[in-house]
Every structure is written in C-alpha cells, then in structure tokens.
Amino acid sequence: MTAEPPGLLGPAEIRQLAEELDVRPTKKLGQNFVHDANTVRRIVELAEVGLGTDTDPLVLEVGPGLGSLTLGLLGTGARVVAVEIDPALAGRLERTVVAHAPDAASRLTVVADDALRVDSGHVGEPDALVANLPYNVAVPVVLHLLAELPSLRRVLVMVQTEVADRMAAGPGGRVYGVPSVKLAWYGTVRKVAAVPRSVFWPVPNVDSSLIAFDRGPERTDVDRATVFAVVDAAFAQRRKTLRAALASWAGSAERAGEILTAAGIDPRSRGEQLDIDQYVAIARAAATM
Ligand SMILES: C[S@@+](CC[C@H](N)C(=O)[O-])C[C@H]1O[C@@H](n2cnc3c(N)ncnc32)[C@H](O)[C@@H]1O
C-alpha cells in the first residue's frame, strides 16, 4: 500500500486512522470510507467549489467520517463546516486535518450532530453541500438541508445508484417518485458519474453515483407544504387515478376531481405522469377554490 502525498488520504492512512480510533464501520450509519485520492479529486472538481461565489466559499459536508473528502475540500481554499453524527469520528477530525494539512485547520468547523437536525444556527450559510452521504438517509438529508438552508445553491453528493436514478428521474418512468418531484421543486438534478465499489473501505454491497443539483429561482406563489402534501398523497397510491388518490387530501373524490379539472389536469391521470409544475398547479387551484 502506497501512502498518498500530504493533503489526501489513501488506503494506508485510512487503515491507520481506523486502527487508531478502533473504528468498526457500521451499516446503520452508512460508514463506507473513501480510500482513493483520485475519487476525492474528482468529487471536488465536479463540485466546482468556489465557482460563482466570492473567493471565500463555505462548503457544508455531511458525514466527514475519517476526513478523506474534508481534506480535498479544504485543499480548494474553501471554508468547510462538517456535520458528523458519530462522536468518535467528529472528535478526531480536526487532528487529522492538522496532521495532513496544517494550514487548512483554521478553515474547518466540526459540528457533532445529526444532519437531519441542523439548521443555519449550527452551520451558518453554506454555498454548497458536498458529501459522500450515509446511504440510508441520503434523500431526507438533502431535502432537509435544501429546506433549512436557502443559501445552498449547489449540491454534489455521492449516493446509492438506485437512489441517484430516483432523484434525477423525470415523469413517466418507473423510478419517478416522491424524491424526484420534491427535488424538482428546488431546482434541477443530474446524475454526473458512476463510482466503483473498490474506492470504499469497507466495500459496500451497492453501486454508487454522483448527483449534481443546482437550485432554481425561489417559488413564492404557492405554499411548499401544500405542494408536498399533494405529492405524498399522489404517490402513496400511485396505481390509482389522481381523483381517487387525492380524495382524502381534498376531502372527497368529487372535490379532488374539481381541483384537478381547475388545474387543467385530467382526473384520470396518475401521479407518476405529472411534473412539478403540474403539482404546483394543483396546489394553486386548491388554494383558490
Ligand atoms: C459514506 S460515509 C462517508 C465518510 C467520508 N465522507 C468519506 O467519504 O470517506 C458516511 C458518514 O456519515 C456519517 N453519518 C451517518 N448518519 C449521519 C447523520 N444523520 N448526520 C451526520 N452524519 C452522519 C457516518 O458516521 C459516516 O462518517
């Protein structure tokens, strides 16, 4: 095993850190650590940290783990706020940065917490979210952070490939669902690269992909909670017609039909056929009837 040059972690450094910390990676927390410096360089490049912002961008990293990606992000000159749920990993991160990139340590803030609970009071106003996400909570984490942190303009995250396909799907397909529509509310999602299992320790039993997201203009004319309630109801019974699926949300099937007709949508269509603008039209029609 060859050691990486100072600044990034390779297999030798990851093994050593894991041994020192007596880390036993858990599936529950999605602990698969990247031990390949080329993958870190690629993520950082695709994240375009610093582009379109001032010279001092703030990057939010969720789940820094042993610090592979954190060091890559700090290497761009960005400030990094890293939120880690595992107290042993959170407690060690600063020392790892001091050892591998001493000049960057002052630009790192570590928050030992659950990413599903943080808001700007904990992490400030980051410009971007860049992360190798814990796979079991990837979608809720991204949706929570987009809702809580309006400053986030760009997201570049590694997720399980099946989840990436769902996040980036458009209407009509089998994988189009709640995550696809809710992310489309905030902006546009693209699947940008596949990542081999061999870059992780331990090797996961799923494939991974990188997702890039850019926030669109804010939608102010309709309430997000109402739109999301319609989306949840439509996909909870995705085989049913929208008239039937939205009956309990609207109060009755008749009223659901009237709202759909007012929104210009055929009540016999199904939730998986509508794009975000059509969901917005339903919420808007409901508000005026
Ligand atoms: C896939 S690993 C990525 C580790 C590191 N960034 C890397 O690329 O090697 C996911 C990390 O997220 C942490 N984690 C899991 N659930 C979390 C949560 N709800 N909030 C914050 N961190 C979490 C895990 O402890 C783990 O360090």
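First listed ligand is number 1; within each ligand, the first listed atom is number 1. As the structure is a prediction and not an experimental result, all values here were calculated from the model.
- One finds no salt bridge joining Asp127 and Arg215 here, because no Lys/Arg side-chain nitrogen approaches an Asp/Glu carboxylate oxygen to under 4.0 Å.
- A donor-acceptor pair under 3.5 Å is absent between the side-chain atoms of Ser120 and the main chain of Leu149, judged by distance alone.
- By the 4.0 Å N-to-carboxylate-O rule, Arg219 lies close enough to Asp277 to be salt-bridged with it.
- Between the CZ atom in Phe33 and the CG atom in Leu17 there is a gap of 10.0 Å [rounded to 0.5 Å].
- Within the structure, side chain to side chain donor-acceptor pair (under 3.5 Å) contacts touching residues 199-210 (residues at least two apart or in different chains) are Tyr135-Ser208, Thr161-Ser209, Arg197-Asp207.
- Each of Leu29, Gly30, Gln31, Asn32, Phe33, Val34, Glu61, Gly63, Pro64, Gly65, Ser68, Val83, Glu84, Ile85, Asp86, Leu89, Asp113, Asp114, Ala115, Asn132, Leu133, Pro134 has a non-hydrogen atom positioned under 4.0 Å from some atom of ligand 1.
- Inter-residue side-chain proximity for Val181 and Leu274 is flagged as unmet; no heavy-atom pair is nearer than 4.5 Å.
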